[in-house]
Each structure stands twice: as C-alpha cells, then as structure tokens.
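Down below is the structure, laid out as structure tokens.
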Amino acid sequence: MRIDILTLFPEMCETVFMESITGRAVKAGKLEVFAHNFRDFSDNRHRTVDDTPYGGGAGMLLRAQPIYDCFVHVCEQIGKRPHMIYMSPQGKTLTQRRVRELSQLENIVILCGHYEGVDERLIEKIVDEEVSIGDYVLTGGELPALVLTDAVARMLPGVLASEDAFVEESHYGGLLEYPQYTKPAEWMGRTVPEVLLSGHHANIAAWRHKQALLRTREKRPDLLAKREENGDE
Ligand code: ADE
C-alpha cells in the first residue's frame, strides 16, 4: 500500500513513520509513505499558501492552487487518481471498521489542513472523504494523518507478528479486549483467574468472551448498543 501525505510539515510526518511499527512496515516493503510539501507548488514568488477569507473574518485560509497542483503531481507519480482524504474535525469520526476498509485500498492521499481551513472549492474538487479523529480541534492535520497512517499500517497483512493480535484486540469485533495476565501467578497478593491456568482451551475462550462483554458493558456501553444494531453476537 502507498500513502501520500500533503502537508506544510513533511519532516514531522517522516520522522514518525520511520519509527516503530510503521517503520517496520516500510522496511519490509509492505507500506510506502511519502510526505509532500504543498508550499513547493505555490505559483507565487513568495511561496505563500494562504490568504484572507472573502467576506472577512479572523484568520487565514489555505488557497486551492498549491494543494491542487501537489495532488496532480501525486496522481501523475502513481499513475491514477487515488482515494483522497481530508483530515478535518468536520469529518466522520474514524473507527476500526473504516481503518480496516481503508487498509484494503492500494493508494490513499491524505491532506493535512492548517489555519482556519481550506478553500471550499478545493474540497469539492478533489476530496472524497473527510475524516476526524475525535470531537476536539488540533492546530493542524498532521497528527490526525499520522494517527490514520499508524492505524492503517498495522492492519496490513504481515505487519503485526500474528493476525490474532488484531482479531482479538479491543474494537476489532466491536468489543473491548478481555483482561490479560502474565507471570508470576501471584503478585502483591493478587492471583490470576483460575481458568487461565487450567489449560482448558474451550473454557478459556468462553471466559474471555464473557469478560470482553462485561468489560464493554462497564466501560463502553455505547459499543454494545452499536453491536446490537449490527446484529453481532
Ligand atoms: N484537524 C484539526 N482537528 C482535527 C481532528 N479532530 N480530526 C482530524 N483533523 C483535524
């Protein structure tokens, strides 16, 4: 999979995705990530990317031209028109389900906004989807773009050690993960649930499923309601 990030701060993106699991995915050839500075595509000699809003108001807006030309450059590089995502607090909140769907695409391009936003005509012309990472406002789209890149990268086949690592984890089946324990069997007077020491796989699986349900009911009842809507067990 190839991800292209359109940003005013390419270094900020590059340092993060060369580390950790995304770094491993890049080194293993499962993921390519490129950060493009759309300032390089500005058509004026001061290389400006923003201007004041028509109709007045506080702050500056990103102009359509540099971002559009940068996008066309990326389309030419990859030889097609990729799925284009704009990171914005106005977007649909990102879910594990959407992450999984996006990880099945060959290419995505992610636009990071700044200042008071982007000229609406640019959004109309090239953006396929607006994505938010939660109901709060950040100073720019770089951190959200990195959140999306990380979440997608770990879903690519062969990036995590074992597929079970995400099949069983929190949010995958719409439930939170069951509690986990490692050695020693007793720590500060606290013991590990007996069933986990039994070696009885069916009982362990049943216990874990029940714990996942209990835990989700306690911490995130909204997720259980959504599962019922989807007809999951
Ligand atoms: N840009 C600023 N805030 C954001 C958010 N919450 N999600 C995505 N992009 C953003």
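Atoms within a ligand are numbered from 1 in the order they appear, just like the ligands themselves.
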| said: Is it the case that the side chain of Ser42 and the backbone of Thr48 share a donor-acceptor pair, with hydrogens and angles ignored and the cut-off at 3.5 Å? | reply: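 Yes, the answer is positive, given that a donor and an acceptor are paired below the 3.5 Å cut-off.
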Could you check whether [X] pairs with [Y] (Lys NZ or Arg NE/NH1/NH2 to Asp/Glu carboxylate O, under 4.0 Å)?
X      : Y      : answer
Glu101 : Arg98  : yes
Arg208 : Glu177 : no
Arg63  : Asp43  : yes
Arg81  : Asp128 : yes

Within the protein, residues bringing a heavy atom under 4.0 Å of ligand 1, chain by chain =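 Shell around ligand 1 (4.0 Å, heavy atoms): Met87, Ser88, Pro89, Val131, Ser132, Ile133, Gly134, Tyr136, Val137, Leu138, Gly140, Pro144.
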| task | Could you please spell out the steps behind the ring pair (Phe, Tyr, Trp, His ring centres under 6.0 Å) verdict for Phe9 and His114? | result | CA-CA 10 Å; Phe9 300 100; His114 261 276; 5.2 Å; yes
